[in-house]
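Everything below concerns the one structure shown next.
Since the structure is predicted, the reported quantities are computational estimates derived from the model, not experimental observations.
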Amino acid sequence: MARRYDCNDATDRTTGLREAASAVRRGELVVLPTDTVYGIGADAFSSEGVADLLDAKGRGRNMPTPVLIGSPNTLHGLVTDFSEQAWELVDAFWPGALTLVAKHQPSLQWDLGDTRGTVAIRMPLHPVAIELLTEVGPMAVSSANLTGHPSPEDCDAAQEMLGDSVSVYLDGGPTPGIVPSSIVDVTGGTPVLLRAGTLSLEELRKVVPDLEVAN
């Protein structure tokens with residue numbers, strides 16, 4: 001039976017974050033608010049948890065799960081060949097709605113789907129999300145919806161779709177909106193904008209002037 005906690009209530013928030021952290025450590029799924037939409041998450045290093053996440057969404061391995069982290073410092077242990085321009089983007093826009101696609105460390109024991117050696121990674125600008133991520137470490141997180149359905153802007157919508165496939169729901173109230181994060185590929189010599197979202201091409205080019213746009 002899924003448990004739900006109101007993170008706008010101080011006591012409920014403390015209990016909810018503790019229960020969510022315990023669930024993540026057990027390899028179970030949690031729903032959490034982010035600065036874009038609600039996400040469904042699992043321990044990034046739990047292959048079974050990530051597989052359950054994909055199953056809950058009805059999503060295939062051909063669409064790997066992004067990873068959320070609670071601090072830019074976590075990047076040092078997760079990615080390799082991270083360019084100076086990539087760090088400049090991190091400094092300018094994290095925490096926030098910028099997802100970076102980078103080469104992950106070959107030694108990492110995780111299975112996020114068919115990633116071809118890369119990971120889509122982000123630090124969200126939401127206190128509940130950051131607190132949970134700081135407690136449990138990197139999480140595989142995707143939008144908390146069934147594939148093909150709208151991404152949820154509140155906890156009710158997420159719970160209606162995902163039900164008891166999730167152990168803990170953290171209700172942080174409505175999220176700011178459904179505009180997704182912008183995605184920049186930093187695996188090559190020149191960063192490439194894969195998807196313009198909350199951050200526009202113009203905003204990103206103020207930091208990385210030679211940012212290219214994917215065809």
Find out if a path of hydrophobic residues (ILVMFWY) with successive side-chain heavy-atom gaps under 4.5 Å connects L204 to V213.
yes
Do the side chains of D35 and R122 get close enough for a salt bridge, i.e. N-O under 4.0 angstrom?
yes
Please round to the nearest 0.5 Å and tell me the distance separating atom CD of Q105 and atom CG of D81.
8.5 Å
Give a yes or no answer on whether the side chain of R18 reaches the backbone of S22 with a donor-acceptor pair at less than 3.5 Å.
no
Connected via hydrophobic side-chain network under 4.5 Å: F93 and L193
yes
Using every non-hydrogen atom in the two residues, find where V50 and A140 come nearest and quote the distance to one decimal.
CG2-CB, 3.9 Å
Side-chain donor or acceptor of E153 paired with backbone N/O of T175 under 3.5 Å
no
Full working for side chain to side chain contact (heavy atoms under 4.5 Å, CB included) between T74 and S71
CA-CA 6 Å; T74 307; S71 166; 4.0 Å; yes
Once you round to the nearest 0.5 Å, how far does CD of E160 lie from NE2 of H149?
9.5 Å
Keeping S143 on the side-chain end and N145 on the backbone end, is there a donor-acceptor pair under 3.5 Å?
no
Ion pair present between R4 and D156, side-chain N to carboxylate O less than 4.0 angstrom?
yes
Applying the side chain to side chain contact (heavy atoms under 4.5 Å, CB included) test to V186, which of L89, V90, V101, V79 qualifies?
L89
Between V67 and I69, is a side chain to side chain contact (heavy atoms under 4.5 Å, CB included) present by the stated rule, with each step listed?
CA-CA 7 Å; V67 168; I69 59 176; 4.1 Å; yes
Under the rule for side chain to side chain contact (heavy atoms under 4.5 Å, CB included), what residues qualify as partners of E212, not counting sequence neighbours?
T190, V192
D210 side chain near Q85 side chain, heavy-atom distance below 4.5 Å:
yes
With a 4.5 Å cut-off on side-chain heavy atoms, are W94 and D91 touching?
no
Inter-residue atom distance R3.CZ - S167.OG, 0.5 Å rounding:
6.0 Å
Could you check whether atom CD of E48 has more than 12 heavy atoms from other residues, nucleotides or ligands sitting under 6.0 Å from it?
no
Cluster overlap F82 with V184, hydrophobic side-chain contacts below 4.5 Å
yes
Heavy-atom pair with the smallest gap, counting every atom of L194 and A214:
CD2-CB, 4.0 Å
Under 3.5 Å, is there a donor-acceptor pair between the side chain of E203 and the main chain of L201?
no
With a 4.5 Å heavy-atom cut-off, do V119 and L78 have their side chains touching?
no
Apart from V168 itself, residues in the same hydrophobic cluster as defined by side-chain heavy atoms under 4.5 Å:
Y5, L17, V24, V30, L32, L68, V128, L132, L133, V136, M139, V141, L170
Is it the case that the side chain of T14 and the backbone of A10 share a donor-acceptor pair, with hydrogens and angles ignored and the cut-off at 3.5 Å?
yes
Charged N to carboxylate O under 4.0 angstrom, R26 versus D43?
no
Are the side chains of D171 and Y38 in touch, meaning some heavy atoms are under 4.5 Å apart?
yes
S165 OG to L53 CG distance, which is reported to the nearest 0.5 Å
9.0 Å
Sub-3.5 Å donor-acceptor pair from the side chain of S182 to the main-chain atoms of L98, do we have one?
no
Using 0.5 Å steps for rounding, measure from the CZ atom of R61 to the CG atom of D114.
4.5 Å
Heavy-atom nearest pair, A56 first then I40, reads CB-CD1, 4.0 Å
Residues E131 and R13 bridged, charged N to O under 4.0 Å
yes
T99 vs S181, test: side chain to side chain contact (heavy atoms under 4.5 Å, CB included). Steps then yes/no.
CA-CA 6 Å; T99 297; S181 65; 2.8 Å; yes
Y169 and A2 have their tightest heavy-atom pair at CE1-CB, 3.7 Å
Rounded to the nearest 0.5 Å, what separates atom NE2 in H126 from atom OG1 in T34?
7.5 Å
Show your reasoning for whether side chain to side chain contact (heavy atoms under 4.5 Å, CB included) applies to I121 and L75.
CA-CA 9 Å; I121 198 162; L75 281 170; 3.8 Å; yes
Any heavy-atom pair between the side chains of P138 and F45 that's under 4.5 Å?
yes
Shared hydrophobic cluster, V207 / M123 (ILVMFWY, side-chain heavy atoms < 4.5 Å):
yes
What I'd like to find out is whether the side chain of W110 reaches to under 4.5 Å of the side chain of H104, using heavy atoms alone.
yes
Are the side chain of D12 and the backbone N or O of D6 linked by a donor-acceptor pair below 3.5 Å?
yes
What are the two closest non-hydrogen atoms of A144 and V31, and how far apart are they?
CB-CG2, 4.1 Å
Minimum heavy-atom separation for S46 to G27, with atom names?
OG-CA, 4.0 Å
Can you name the ring-ring contact (aromatic ring centres under 6.0 Å, His included) partners of H76, sequence neighbours left out?
W87
Is it true that E88 and K206 make a salt bridge, defined as a side-chain N closer than 4.0 Å to a carboxylate O?
no
Any side-chain heavy atom of L211 sitting closer than 4.5 Å to one from P191?
yes
Does some side-chain heavy atom of L162 sit less than 4.5 Å from a side-chain heavy atom of L146?
yes
